[in-house]
Protein chains: 2
Amino acid sequence: MTERHSTLRARRRAQTQRTIQAHAIRLFGERGYDATTMNDVAEAAGVSPMTVYRHFPTKEDLVLADQHGELIAERIAASPAGQPLVRRIGGALVDAAAALTGDDVAADRQFLLVRLQLMISTPALRARHLDNQYALQQAIVGALDDDATDPDAAFQAQAAASACLAALHTAMVRWAEDDGRTDLPRLIGKALAAVFGDDVIGPAR
Amino acid sequence: MTERHSTLRARRRAQTQRTIQAHAIRLFGERGYDATTMNDVAEAAGVSPMTVYRHFPTKEDLVLADQHGELIAERIAASPAGQPLVRRIGGALVDAAAALTGDDVAADRQFLLVRLQLMISTPALRARHLDNQYALQQAIVGALDDDATDPDAAFQAQAAASACLAALHTAMVRWAEDDGRTDLPRLIGKALAAVFGDDVIGPAR
DNA sequence: TACCAGCATGATAGTGACTACCAAACAGGT
DNA sequence: ACCTGTTTGGTAGTCACTATCATGCTGGTA
C-alpha cells in the first residue's frame with residue numbers, strides 16, 4: 001500500500017488504456033466506427049475483449065473519454081456573482097479551452113481531430129456527446145447558484161449556458177472541418193465574441 | 001391500386017403502430033425502459049417481434065416518434081428576414097407548440113407526459129432526443145438563410161437557435177416535473193419571454 | 001368462381017455489444 | 001516461501017437488431 005506502488009500500477013493501467021484507445025481510434029478512423037467491432041479493437045491492442053470492457057465500459061467511451069466538466073463548473077462557481085451570466089460562463093469556457101491547449105491540442109492534435117470528426121459524423125457518438133454537453137450545461141447552471149426562487153432566472157441561466165455551449169460546439173465543428181489548421185482556443189474566443197460581443201467576453205487572451 | 005384501399009391499409013397500419021406504441025409506453029412506465037425487452041412489447045401488443053421492428057426500427061423510436069422539425073423550419077423560412085433572430089425562431093416555436101396543443105396535449109396528455117418523463121430520465125432516450133434537437137437546430141439555422149459569407153452570423157444563428165431550444169426544453173422539463181398540471185404552450189411562451197423579453201417574442205397568444 | 005399481385009406478418013438463424021461468473025496469473029508486502 | 005489484492009482471461013449467456021425466406025391475407029381481375 002505504499003505510495004510508489006499504487007502510482008506504478010496506476011501508470012501501467014493508464015498505459016494499457018492509452019494503447020487500447022489509440023488502436024481503437026485508429027481503427028475507427030480507418031474502417032469506420034460501426035464497421036469496427038470490440039473484438040477487432042482487443043485484437044489490435046493485443047488484449048482480450050474482457051480487458052477492453054474493463055477499461056472502457058462502452059464502445060462509445062473509447063472515443064468520448066475525459067470530459068472536463070468539473071474544471072468548468074469550478075471556475076464558474078468561483079467567478080463573482082454580480083457579472084452577467086454570459087461573461088461568467090464564457091470566461092470559464094475560454095479559460096478551460098486555454099488550459100486544454102497545453103494538454104491535448106499541442107500534444108496530439110491529430111488524435112483529438114479524429115475523435116472530433118468521429119463524434120460529429122457518427123450518430124451514436126454525437127448523441128452521447130450531446131448528452132455529455134447537456135450534463136455540463138446542468139452543472140454550469142448549478143454552479144451559478146443564483147437565487148433558485150425566481151423561475152425566470154432559471155430559464156435565463158439555461159438559455160445563457162446553452163448559447164455559450166453552442167458557440168463552443170460550433171467553434172469545435174468549424175475547427176474539425178478546417179482539419180485543425182486554425183487555433184482552437186482563439187476560434188472559441190471569436191465565436192463567443194461574435195455572439196455576445198467583445199465587451200462581454202473580454203479581449204482574446 | 002385504388003385510392004380507397006391504400007387509405008384503408010394505411011389506417012390499419014397506423015392502428016397497429018398505435019397499439020404497439022401504447023403497450024410499449026405503458027410497459028416502459030411500469031417496469032422501466034431498460035427492464036422491458038422488445039419481446040415483452042411484442043407479446044403485450046399481440047404481435048411478433050418482427051412486426052415491432054418493422055414499425056419501429058429501434059427501441060428508442062417507440063418513445064421518440066413524430067418530431068415536428070419540418071413545421072418549425074417552414075415557419076422560420078417564411079418569417080421576414082429583417083427581424084431579430086430570436087424573434088423569428090421563438091415565434092416559430094410558440095406557433096408550433098400551439099399547433100401541437102390541439103393534437104397531442106389535449107388528446108392524450110398522460111401519454112405525452114410519460115414519454116417526456118422517460119425521455120428525461122433514461123440516458124439512451126435523452127441522448128437520442130438531444131440529437132434530434134440538434135438536428136432541429138441545424139434545420140433552423142439552415143432555414144434562416146442569412147448570408148453565409150459572414151462567419152460571425154453563423155455563430156450568432158447557432159447560439160440564438162440553441163438558446164431558444166434550451167428555453168423550449170426547460171419549459172417541457174418543468175411541465176413534466178409538474179405532472180402536466182400547467183398549460184404547456186403558455187409555459188413555453190413564458191420561458192421565451194423570460195429569456196428574450198416580452199417585446200422580442202411578442203405577447204403570449 | 002378461380003386466380004393473381006401486393007403487402008403485412010411470421011419464423012429462423014445469425015451478428016455484435018454487453019454482463020455475470022469463475023479461474024488463472026501476477027504483482028506487492030510479510 | 002506465503003499470502004493478498006489487483007489485473008487479466010475464458011465461458012456462457014441476454015438482448016437489440018438484421019437478413020433471408022416462407023406464409024397468409026386482402027383487394028382487384030379474368
Side-chain angles (χ1 to χ4, degrees), chain A residues 1-21 23-25 27-28 31-65 118 122-128 131, chain B residues 1-21 23-25 27-28 31-65 118 122-128 131:
Chain A
M1 236 209 212
T2 324
E3 180 63 19
R4 248 179 52 242
H5 300 140
S6 50
T7 59
L8 258 175
R9 297 218 185 178
R11 255 200 300 238
R12 297 191 71 150
R13 202 179 155 74
Q15 178 56 40
T16 313
Q17 284 190 4
R18 269 194 300 273
T19 304
I20 293 173
Q21 195 181 29
H23 282 282
I25 299 292
L27 289 178
F28 291 162
R31 316 180 189 171
Y33 179 77
D34 291 324
T36 307
T37 72
M38 291 295 264
N39 284 8
D40 293 342
V41 173
E43 195 176 354
V47 295
S48 86
M50 284 300 311
T51 304
V52 178
Y53 282 112
R54 284 255 169 57
H55 291 276
F56 301 92
T58 74
K59 193 179 178 184
E60 295 152 1
D61 286 320
L62 284 166
V63 180
L64 307 173
L118 281 170
T122 309
L125 293 174
R126 189 180 53 230
R128 263 284 306 259
D131 195 41
Chain B
M1 236 210 215
T2 324
E3 180 64 18
R4 246 179 54 240
H5 300 140
S6 50
T7 61
L8 259 175
R9 298 217 178 172
R11 255 200 300 239
R12 298 191 71 150
R13 201 180 155 75
Q15 179 55 41
T16 313
Q17 284 190 5
R18 269 194 300 271
T19 304
I20 294 174
Q21 196 182 29
H23 282 282
I25 298 292
L27 289 177
F28 292 163
R31 317 181 187 171
Y33 179 78
D34 292 325
T36 307
T37 72
M38 291 295 265
N39 284 6
D40 293 340
V41 173
E43 195 176 352
V47 295
S48 86
M50 283 300 311
T51 304
V52 179
Y53 282 112
R54 284 255 170 56
H55 291 276
F56 301 92
T58 75
K59 193 179 177 184
E60 295 151 0
D61 286 320
L62 283 166
V63 181
L64 307 172
L118 281 169
T122 309
L125 292 175
R126 188 180 54 230
R128 262 286 304 261
D131 195 41

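Proteins come first, then strands; the chains are lettered A, B, ... in the order of their sequence lines, and each starts at number 1.
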task: Find the distance Gln15(A):CD to dT8(D):P and express it as a whole number of Å.
output: 12 Å

Gap between atom CZ of Phe28(A) and atom CG of Leu62(A) - 0.5 Å precision: 5.0 Å

Position toward the 5' end of DNA chain D (nearest nucleotide), Pro57(B) or Arg12(B): Pro57(B)

- prompt: Whole Å only: how far is the CE atom of Met50(B) from the C1' atom of dC17(D)?
  reply: 10 Å

Got a list of protein N/O to nucleotides 2-7 of chain D N/O distances below 3.5 Å?
unit_1 : atom_1 : unit_2  : atom_2 : d
dT6(D) : O4'    : Arg9(A) : NH1    : 3.2

message: I want to check something: taking the side chain as every heavy atom from C-beta on, are Thr58(A) and Arg128(A) in contact at a cut-off of under 4.5 Å?
response: yes

field: Value rounded to 0.5 Å, distance of CD1 in Ile25(A) from CD1 in Ile20(A)
entry: 12.5 Å

message: Would you say that Met38(A) contacts Phe56(A) through its side chain, given a criterion of any heavy-atom pair below 4.5 Å between the two side chains?
response: no

Quick one: which protein N/O atoms are closer than 3.5 Å to N/O atoms of nucleotides 12-16 of chain D? Pair and distance per line, please.
unit_1  : atom_1 : unit_2   : atom_2 : d
dA16(D) : OP1    : Lys59(B) : NZ     : 3.1
dA16(D) : OP2    : Met38(B) : N      : 3.2

task: Taking the side chain as every heavy atom from C-beta outward, state whether Thr16(B) and Thr19(B) have any atom pair closer than 4.5 Å.
output: no

task: Verify whether one side chain among Arg12(A) and Gln15(A) offers a donor that lies under 3.5 Å from an acceptor in the other.
output: no

query: Mind checking whether Asn39(B) and Glu43(B) have side chains closer than 4.5 Å, heavy atoms only?
result: no

message: From CZ of Phe56(A) over to P of dC18(C), roughly how many Å is that when rounded to an integer?
response: 13 Å

- request: Using a 4.5 Å cut-off on heavy atoms from C-beta on, say whether the side chain of Val47(A) contacts that of His55(A).
  value: no

